[in-house]
Amino acid sequence: MMLPWRNMTVINQRRLANFKANRRGYWSLWIIAILFVLSLMAEFIANDRPLLLSYKGTLRAPVLFDYPETAFGGTFETPANYNDPFLQNAIKADGWMMLPLIPFSYETLDFNLGQPAPAPPSARHWLGTDNQGRDVLARLIYGFRISMLFALALTIVSSIIGVAAGAVQGYFGGKMDLIFQRFIEIWGGLPQLFILIIVASIIAPGFWTLLGVLLLFSWTALVSVVRAEFLRARNFDYVRAAKALGMSDVSVMARHILPNAVVATVTFLPFVLSGAVVALTSLDFLGLGMPPGSASLGELLRQGKENLQAPWLGFTGFLAIAGMLTLLVFVGEAVRDALDPRKTFA
(Lines give C-alpha, C1' and ligand atoms only; values in the text may rest on other atoms or scores of the structure.)
Protein backbone atom coordinates (compact mmCIF):
# COMPACT_ATOMS: atom_id res chain seq x y z
CA MET A 1 0.00 0.00 0.00
CA MET A 2 1.30 3.42 -0.95
CA LEU A 3 1.94 5.60 2.09
CA PRO A 4 0.26 9.04 2.02
CA TRP A 5 3.46 11.04 2.19
CA ARG A 6 4.91 9.12 -0.75
CA ASN A 7 2.38 10.87 -3.01
CA MET A 8 3.70 14.30 -1.99
CA THR A 9 5.67 16.39 -4.40
CA VAL A 10 9.38 16.82 -3.78
CA ILE A 11 8.79 20.37 -2.56
CA ASN A 12 6.16 19.30 -0.03
CA GLN A 13 8.35 16.44 1.18
CA ARG A 14 11.16 18.92 1.77
CA ARG A 15 8.79 21.25 3.63
CA LEU A 16 7.55 18.42 5.85
CA ALA A 17 11.11 17.30 6.54
CA ASN A 18 12.11 20.86 7.44
CA PHE A 19 9.13 21.18 9.77
CA LYS A 20 10.03 17.94 11.55
CA ALA A 21 13.66 19.04 11.78
CA ASN A 22 12.55 22.06 13.82
CA ARG A 23 12.16 20.03 17.00
CA ARG A 24 10.79 22.91 19.04
CA GLY A 25 7.94 23.61 16.64
CA TYR A 26 7.30 19.94 15.88
CA TRP A 27 6.85 18.95 19.51
CA SER A 28 4.91 22.13 20.24
CA LEU A 29 2.39 21.07 17.59
CA TRP A 30 2.05 17.64 19.20
CA ILE A 31 1.62 19.14 22.67
CA ILE A 32 -1.01 21.69 21.63
CA ALA A 33 -2.85 19.03 19.58
CA ILE A 34 -2.92 16.54 22.48
CA LEU A 35 -4.11 19.21 24.91
CA PHE A 36 -6.83 20.28 22.49
CA VAL A 37 -8.06 16.70 21.97
CA LEU A 38 -8.12 16.16 25.73
CA SER A 39 -10.07 19.38 26.21
CA LEU A 40 -12.67 18.17 23.71
CA MET A 41 -13.30 15.31 26.14
CA ALA A 42 -13.59 17.68 29.11
CA GLU A 43 -16.94 16.25 30.20
CA PHE A 44 -15.27 12.86 30.71
CA ILE A 45 -12.33 14.36 32.62
CA ALA A 46 -13.91 17.04 34.82
CA ASN A 47 -17.59 16.66 35.64
CA ASP A 48 -19.85 16.49 38.67
CA ARG A 49 -21.80 13.68 37.01
CA PRO A 50 -20.65 10.05 37.20
CA LEU A 51 -19.34 8.49 34.03
CA LEU A 52 -21.23 5.28 34.78
CA LEU A 53 -23.42 4.09 37.62
CA SER A 54 -25.31 0.97 38.44
CA TYR A 55 -28.51 1.20 40.48
CA LYS A 56 -30.58 -1.87 41.30
CA GLY A 57 -28.94 -3.77 38.46
CA THR A 58 -29.55 -1.06 35.82
CA LEU A 59 -26.52 0.52 34.16
CA ARG A 60 -26.76 4.24 33.39
CA ALA A 61 -24.45 6.93 31.92
CA PRO A 62 -25.26 10.26 33.63
CA VAL A 63 -22.43 11.98 31.78
CA LEU A 64 -24.42 11.53 28.56
CA PHE A 65 -28.04 11.51 29.70
CA ASP A 66 -30.21 13.31 32.24
CA TYR A 67 -31.99 11.22 34.84
CA PRO A 68 -34.61 12.46 37.33
CA GLU A 69 -34.04 12.17 41.04
CA THR A 70 -36.92 9.70 41.26
CA ALA A 71 -34.89 7.18 39.22
CA PHE A 72 -32.65 6.73 42.28
CA GLY A 73 -35.26 6.72 45.02
CA GLY A 74 -35.65 10.48 45.30
CA THR A 75 -38.82 12.52 45.63
CA PHE A 76 -38.66 15.15 42.89
CA GLU A 77 -38.76 14.85 39.09
CA THR A 78 -35.96 17.38 38.75
CA PRO A 79 -32.57 16.31 37.29
CA ALA A 80 -30.54 14.34 39.81
CA ASN A 81 -27.89 16.20 41.79
CA TYR A 82 -25.13 13.64 42.23
CA ASN A 83 -23.39 15.81 44.84
CA ASP A 84 -26.36 15.44 47.18
CA PRO A 85 -25.30 13.15 50.08
CA PHE A 86 -28.78 11.59 50.21
CA LEU A 87 -28.59 10.63 46.53
CA GLN A 88 -25.02 9.38 46.84
CA ASN A 89 -25.93 7.12 49.76
CA ALA A 90 -29.00 5.82 47.93
CA ILE A 91 -26.98 4.89 44.86
CA LYS A 92 -24.14 3.30 46.86
CA ALA A 93 -26.64 1.27 48.88
CA ASP A 94 -27.97 -0.49 45.77
CA GLY A 95 -25.13 -0.06 43.27
CA TRP A 96 -21.98 1.89 42.49
CA MET A 97 -20.73 5.06 40.78
CA MET A 98 -17.65 5.70 38.65
CA LEU A 99 -16.67 9.37 38.93
CA PRO A 100 -14.41 11.30 36.52
CA LEU A 101 -10.79 12.06 37.40
CA ILE A 102 -11.89 15.53 38.52
CA PRO A 103 -15.35 15.26 40.16
CA PHE A 104 -16.22 18.91 39.46
CA SER A 105 -17.48 20.70 36.39
CA TYR A 106 -16.53 24.28 35.53
CA GLU A 107 -19.72 25.58 37.18
CA THR A 108 -19.88 23.24 40.17
CA LEU A 109 -19.98 25.03 43.53
CA ASP A 110 -18.24 23.11 46.30
CA PHE A 111 -20.22 23.68 49.50
CA ASN A 112 -17.90 21.41 51.51
CA LEU A 113 -14.70 23.44 51.31
CA GLY A 114 -14.38 23.80 55.05
CA GLN A 115 -12.86 27.28 54.60
CA PRO A 116 -13.73 30.54 52.84
CA ALA A 117 -13.34 30.68 49.06
CA PRO A 118 -11.01 31.05 47.27
CA ALA A 119 -9.46 27.91 48.79
CA PRO A 120 -5.79 27.03 48.18
CA PRO A 121 -4.68 23.92 46.26
CA SER A 122 -5.36 20.66 48.05
CA ALA A 123 -5.95 16.97 47.40
CA ARG A 124 -9.60 17.81 46.73
CA HIS A 125 -8.91 20.77 44.42
CA TRP A 126 -5.51 20.36 42.78
CA LEU A 127 -5.26 24.01 41.69
CA GLY A 128 -7.53 25.43 44.37
CA THR A 129 -10.87 27.16 43.88
CA ASP A 130 -11.95 30.59 42.72
CA ASN A 131 -13.87 33.13 44.78
CA GLN A 132 -17.12 31.24 44.24
CA GLY A 133 -15.82 27.83 45.26
CA ARG A 134 -15.46 26.45 41.73
CA ASP A 135 -12.60 24.11 40.87
CA VAL A 136 -9.84 26.02 39.04
CA LEU A 137 -8.47 23.00 37.16
CA ALA A 138 -11.91 22.16 35.78
CA ARG A 139 -12.44 25.75 34.67
CA LEU A 140 -8.96 25.75 33.13
CA ILE A 141 -9.75 22.68 31.01
CA TYR A 142 -13.10 24.03 29.81
CA GLY A 143 -11.65 27.51 29.28
CA PHE A 144 -8.83 26.11 27.16
CA ARG A 145 -11.38 24.34 24.98
CA ILE A 146 -13.48 27.45 24.49
CA SER A 147 -10.41 29.53 23.66
CA MET A 148 -9.14 27.02 21.09
CA LEU A 149 -12.54 26.52 19.44
CA PHE A 150 -13.13 30.26 19.30
CA ALA A 151 -9.66 30.94 17.89
CA LEU A 152 -9.95 28.17 15.29
CA ALA A 153 -13.39 29.35 14.15
CA LEU A 154 -12.28 32.98 13.95
CA THR A 155 -9.05 32.07 12.12
CA ILE A 156 -10.75 29.84 9.53
CA VAL A 157 -13.61 32.19 8.70
CA SER A 158 -11.49 35.35 8.70
CA SER A 159 -8.87 33.63 6.54
CA ILE A 160 -11.47 32.66 3.94
CA ILE A 161 -12.82 36.20 3.78
CA GLY A 162 -9.35 37.79 3.84
CA VAL A 163 -7.97 35.51 1.12
CA ALA A 164 -11.00 36.13 -1.11
CA ALA A 165 -10.78 39.91 -0.63
CA GLY A 166 -7.02 40.00 -1.21
CA ALA A 167 -7.34 37.80 -4.31
CA VAL A 168 -9.95 40.05 -5.93
CA GLN A 169 -8.02 43.15 -4.98
CA GLY A 170 -4.67 41.94 -6.31
CA TYR A 171 -5.90 40.17 -9.43
CA PHE A 172 -8.01 42.95 -10.89
CA GLY A 173 -5.96 45.87 -9.56
CA GLY A 174 -6.73 49.34 -10.86
CA LYS A 175 -9.69 51.18 -9.41
CA MET A 176 -10.91 48.12 -7.54
CA ASP A 177 -7.57 47.82 -5.78
CA LEU A 178 -7.55 51.54 -4.98
CA ILE A 179 -11.10 51.50 -3.58
CA PHE A 180 -10.45 48.37 -1.52
CA GLN A 181 -7.25 49.83 -0.08
CA ARG A 182 -8.97 53.03 1.03
CA PHE A 183 -11.83 51.00 2.54
CA ILE A 184 -9.43 48.77 4.48
CA GLU A 185 -7.53 51.80 5.77
CA ILE A 186 -10.75 53.38 7.05
CA TRP A 187 -12.10 50.09 8.40
CA GLY A 188 -8.86 49.27 10.19
CA GLY A 189 -8.85 52.67 11.87
CA LEU A 190 -12.18 52.12 13.63
CA PRO A 191 -11.92 51.74 17.43
CA GLN A 192 -12.62 48.04 17.96
CA LEU A 193 -12.83 48.25 21.75
CA PHE A 194 -15.46 51.01 21.69
CA ILE A 195 -17.52 49.09 19.15
CA LEU A 196 -17.35 45.99 21.35
CA ILE A 197 -18.49 48.04 24.36
CA ILE A 198 -21.45 49.37 22.37
CA VAL A 199 -22.37 45.90 21.12
CA ALA A 200 -22.05 44.44 24.65
CA SER A 201 -24.41 47.11 25.98
CA ILE A 202 -27.03 46.29 23.34
CA ILE A 203 -26.69 42.52 22.88
CA ALA A 204 -25.89 39.97 25.55
CA PRO A 205 -22.33 38.84 24.76
CA GLY A 206 -21.84 35.20 23.83
CA PHE A 207 -19.66 32.90 21.75
CA TRP A 208 -21.30 33.67 18.41
CA THR A 209 -21.79 37.35 19.15
CA LEU A 210 -18.11 37.83 19.94
CA LEU A 211 -17.13 35.74 16.93
CA GLY A 212 -19.22 37.92 14.63
CA VAL A 213 -17.94 41.20 16.05
CA LEU A 214 -14.27 40.18 15.99
CA LEU A 215 -14.73 38.77 12.50
CA LEU A 216 -15.66 42.26 11.29
CA PHE A 217 -12.06 43.36 11.92
CA SER A 218 -9.89 40.22 11.87
CA TRP A 219 -10.35 39.41 8.17
CA THR A 220 -8.08 42.30 7.16
CA ALA A 221 -4.98 40.59 8.61
CA LEU A 222 -4.29 38.46 5.51
CA VAL A 223 -5.53 40.80 2.80
CA SER A 224 -2.20 42.55 2.23
CA VAL A 225 -0.27 39.26 1.98
CA VAL A 226 -2.65 37.71 -0.55
CA ARG A 227 -2.94 40.97 -2.48
CA ALA A 228 0.83 41.17 -2.88
CA GLU A 229 1.01 37.56 -4.16
CA PHE A 230 -1.74 38.14 -6.70
CA LEU A 231 -0.24 41.43 -7.87
CA ARG A 232 3.07 39.66 -8.42
CA ALA A 233 1.71 36.55 -10.11
CA ARG A 234 -1.01 37.99 -12.33
CA ASN A 235 1.55 39.01 -14.99
CA PHE A 236 3.42 35.70 -15.08
CA ASP A 237 3.57 33.93 -18.42
CA TYR A 238 1.57 30.88 -17.34
CA VAL A 239 -1.23 33.13 -16.08
CA ARG A 240 -1.32 35.04 -19.37
CA ALA A 241 -1.30 31.78 -21.27
CA ALA A 242 -4.24 30.47 -19.24
CA LYS A 243 -6.22 33.64 -19.92
CA ALA A 244 -5.32 33.45 -23.64
CA LEU A 245 -6.70 29.90 -23.74
CA GLY A 246 -10.05 31.20 -22.56
CA MET A 247 -10.02 30.30 -18.87
CA SER A 248 -12.29 32.42 -16.74
CA ASP A 249 -10.88 34.81 -14.16
CA VAL A 250 -12.20 32.66 -11.30
CA SER A 251 -10.48 29.55 -12.70
CA VAL A 252 -7.21 31.38 -13.22
CA MET A 253 -7.31 32.76 -9.68
CA ALA A 254 -8.25 29.43 -8.08
CA ARG A 255 -6.03 27.06 -10.09
CA HIS A 256 -2.94 29.06 -10.97
CA ILE A 257 -2.42 31.91 -8.50
CA LEU A 258 -4.15 30.87 -5.28
CA PRO A 259 -1.85 27.85 -4.57
CA ASN A 260 1.14 30.20 -4.49
CA ALA A 261 -0.69 32.68 -2.28
CA VAL A 262 -1.78 29.94 0.13
CA VAL A 263 1.86 29.17 0.95
CA ALA A 264 2.37 32.71 2.21
CA THR A 265 -1.01 32.67 3.96
CA VAL A 266 -0.38 29.44 5.88
CA THR A 267 2.73 31.02 7.38
CA PHE A 268 0.61 33.60 9.16
CA LEU A 269 -2.18 31.30 10.37
CA PRO A 270 -0.57 30.22 13.69
CA PHE A 271 0.05 33.87 14.55
CA VAL A 272 -3.54 34.78 13.60
CA LEU A 273 -4.65 31.91 15.85
CA SER A 274 -2.64 33.21 18.79
CA GLY A 275 -4.01 36.70 18.17
CA ALA A 276 -7.56 35.35 18.36
CA VAL A 277 -6.76 33.69 21.70
CA VAL A 278 -5.39 36.98 23.03
CA ALA A 279 -8.46 38.87 21.78
CA LEU A 280 -10.92 36.58 23.57
CA THR A 281 -8.80 36.53 26.74
CA SER A 282 -8.58 40.32 26.76
CA LEU A 283 -12.33 40.75 26.34
CA ASP A 284 -13.04 38.26 29.13
CA PHE A 285 -10.53 40.02 31.36
CA LEU A 286 -12.33 43.33 30.78
CA GLY A 287 -15.73 41.72 31.38
CA LEU A 288 -16.84 42.17 27.74
CA GLY A 289 -16.42 38.56 26.65
CA MET A 290 -18.26 35.36 27.43
CA PRO A 291 -21.42 35.46 29.61
CA PRO A 292 -20.90 35.45 33.41
CA GLY A 293 -20.19 31.98 34.74
CA SER A 294 -18.62 30.69 31.54
CA ALA A 295 -15.27 28.95 31.75
CA SER A 296 -12.76 31.51 30.56
CA LEU A 297 -9.03 32.03 30.85
CA GLY A 298 -9.50 35.79 30.85
CA GLU A 299 -12.00 35.56 33.71
CA LEU A 300 -9.47 33.48 35.64
CA LEU A 301 -6.88 36.23 35.16
CA ARG A 302 -9.38 38.82 36.34
CA GLN A 303 -10.06 36.81 39.47
CA GLY A 304 -6.33 36.64 40.10
CA LYS A 305 -6.16 40.44 39.88
CA GLU A 306 -9.12 40.88 42.20
CA ASN A 307 -7.94 38.28 44.75
CA LEU A 308 -4.29 39.02 45.41
CA GLN A 309 -4.53 36.97 48.60
CA ALA A 310 -5.02 33.90 46.37
CA PRO A 311 -1.88 33.88 44.17
CA TRP A 312 -2.70 30.46 42.69
CA LEU A 313 -5.44 32.11 40.60
CA GLY A 314 -3.12 34.60 38.95
CA PHE A 315 -0.28 32.11 38.50
CA THR A 316 -2.57 29.49 36.96
CA GLY A 317 -4.10 31.93 34.50
CA PHE A 318 -0.77 33.47 33.56
CA LEU A 319 1.01 30.14 33.05
CA ALA A 320 -1.88 28.75 31.02
CA ILE A 321 -2.04 31.75 28.67
CA ALA A 322 1.76 32.07 28.42
CA GLY A 323 2.20 28.35 27.71
CA MET A 324 -0.58 28.30 25.15
CA LEU A 325 0.73 31.31 23.24
CA THR A 326 4.32 30.07 23.42
CA LEU A 327 3.36 26.75 21.83
CA LEU A 328 1.41 28.50 19.07
CA VAL A 329 4.30 30.87 18.34
CA PHE A 330 6.76 27.96 18.18
CA VAL A 331 4.48 26.19 15.71
CA GLY A 332 4.19 29.36 13.65
CA GLU A 333 7.96 29.78 13.51
CA ALA A 334 8.38 26.16 12.42
CA VAL A 335 5.77 26.55 9.66
CA ARG A 336 7.37 29.79 8.49
CA ASP A 337 10.82 28.22 8.28
CA ALA A 338 9.49 25.07 6.60
CA LEU A 339 7.86 27.11 3.83
CA ASP A 340 10.92 29.29 3.35
CA PRO A 341 12.84 27.91 0.32
CA ARG A 342 16.06 29.54 1.53
CA LYS A 343 16.18 27.46 4.72
CA THR A 344 16.98 23.78 4.81
CA PHE A 345 17.22 21.87 8.08
CA ALA A 346 16.89 18.31 6.83
Side-chain angles (χ1 to χ4, degrees), residues 24-25 27-40 42 45-46 101-102 104-108 110 113 115-152 154-155 192-193 196 205 207 210 214 270-334:
R24 184 175 64 184
W27 287 110
S28 295
L29 177 61
W30 272 107
I31 293 172
I32 198 73
I34 292 173
L35 292 176
F36 179 55
V37 171
L38 290 176
S39 70
L40 293 177
I45 300 174
L101 180 64
I102 304 171
F104 302 98
S105 182
Y106 69 93
E107 57 186 356
T108 305
D110 189 357
L113 282 177
Q115 57 183 311
S122 62
R124 183 176 176 85
H125 298 282
W126 298 348
L127 294 179
T129 68
D130 62 6
N131 59 1
Q132 298 184 36
R134 299 172 298 191
D135 188 80
V136 172
L137 182 55
R139 293 185 64 79
L140 181 63
I141 296 173
Y142 283 88
F144 179 85
R145 181 174 68 177
I146 290 178
S147 297
M148 286 298 298
L149 290 175
F150 183 89
L152 286 172
L154 183 61
T155 301
Q192 300 183 28
L193 181 59
L196 287 171
F207 185 92
L210 294 174
L214 290 177
F271 302 103
V272 175
L273 188 67
S274 61
V277 173
V278 172
L280 180 62
T281 303
S282 302
L283 291 175
D284 288 333
F285 181 79
L286 296 174
L288 302 174
M290 300 295 291
S294 301
S296 166
L297 300 180
E299 192 264 348
L300 185 59
L301 286 175
R302 187 173 76 249
Q303 286 213 22
K305 179 182 74 71
E306 296 174 352
N307 298 275
L308 298 180
Q309 79 282 3
W312 56 88
L313 295 175
F315 283 131
T316 301
F318 170 77
L319 292 176
I321 294 295
M324 189 176 179
L325 296 179
T326 301
L327 293 174
L328 291 175
V329 170
F330 285 165
V331 173
E333 291 177 348

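Sequence positions, counted from 1, serve as the residue numbers for this chain. Bear in mind that the values here come from a model prediction, so they are computed numbers and not experimental data. No hydrogens, no waters, no symmetry mates; every other heavy atom, side chains included, goes into these values.
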| message | Give me each pair satisfying side-chain hydrogen bond (donor to acceptor under 3.5 Å, both in side chains) with a member in residues 288-297, each pair once, sequence neighbours excluded. | response | Asp284-Ser296

| field | CG on Asp135 to CG on Leu127, rounded to 0.5 Å | value | 7.5 Å

| message | Working to the nearest 0.5 angstrom, can you tell me the gap between Leu280 CG and Phe207 CZ? | response | 8.0 Å

| query | Going by heavy atoms in the side chains, are Asp110 and Arg124 under 4.5 Å from each other? | reply | yes

| task | For the residue pair Tyr106 and Tyr142, categorise the inter-ring angle as parallel (less than 30°), tilted (30 to 60°) or perpendicular (more than 60°). | result | tilted

| remark: Residues at least two apart in sequence or cross-chain that pass side chain to side chain contact (heavy atoms under 4.5 Å, CB included) with Leu319, listed by chain then number, are none

| task | Please report the closest heavy-atom contact between Ala117 and Gly133, naming both atoms and the distance. | result | CB-N, 3.7 Å

| task | Identify the heavy atoms of Arg145 and Ala42 that sit nearest to each other, and give their distance. | result | NH1-CB, 4.0 Å

| query | What residues, two or more places apart in sequence or in another chain, satisfy ring-ring contact (aromatic ring centres under 6.0 Å, His included) together with Phe36? | reply | none

| query | Hey, are the side chains of Leu210 and Met290 touching, using non-hydrogen atoms and a 4.5 Å cut-off? | reply | yes

| said: Please determine whether side-chain contact (heavy atoms from CB on, under 4.5 Å) holds for the pair Ile102 and Ile141, giving the CA-CA distance in whole Å, both sets of side-chain angles, and the decisive distance to 0.1 Å. | reply: CA-CA 11 Å; Ile102 304 171; Ile141 296 173; 3.9 Å; yes

| query | Is there a side-chain contact between Met324 and Ser147, using heavy atoms and a 4.5 Å cut-off? | reply | yes

| query | How far does OG1 of Thr155 sit from CG of Leu273, to the nearest 0.5 angstrom? | reply | 4.5 Å

| query | Among all residues two or more places apart in sequence or in another chain, which pass the side chain to side chain contact (heavy atoms under 4.5 Å, CB included) test with Leu325? | reply | Ser274, Val277, Val278, Ile321

| said: Donor-acceptor check, side chain of Trp312 to backbone of Thr129, threshold 3.5 angstrom: yes or no? | reply: yes

| Does the cation-pi check pass for Arg24 over Phe330, that is, NZ or CZ under 6.0 Å from the six-membered ring centre and within 45° of its axis? | yes

| Carboxylate-amine/guanidinium proximity below 4.0 Å for Glu299 and Arg134 | yes

| message | I'd like to check Leu40 versus Met148 (side-chain heavy atoms, cut-off strictly below 4.5 Å). Are they in contact? | response | no

| Separation of Leu313 CG from Arg139 CZ (nearest 0.5 Å) | 10.5 Å

| request: Report the residues that fulfil side chain to side chain contact (heavy atoms under 4.5 Å, CB included) with Leu29, sequence neighbours left out, ordered by chain and then residue number. | output: Phe19, Ile32, Val331

| query | Measuring from Leu140:CG to Trp126:CH2, what's the distance to the nearest 0.5 Å? | reply | 12.5 Å

| remark: Residues at least two apart in sequence or cross-chain that pass side chain to side chain contact (heavy atoms under 4.5 Å, CB included) with Asn131, listed by chain then number, are Pro118, Gln303, Asn307

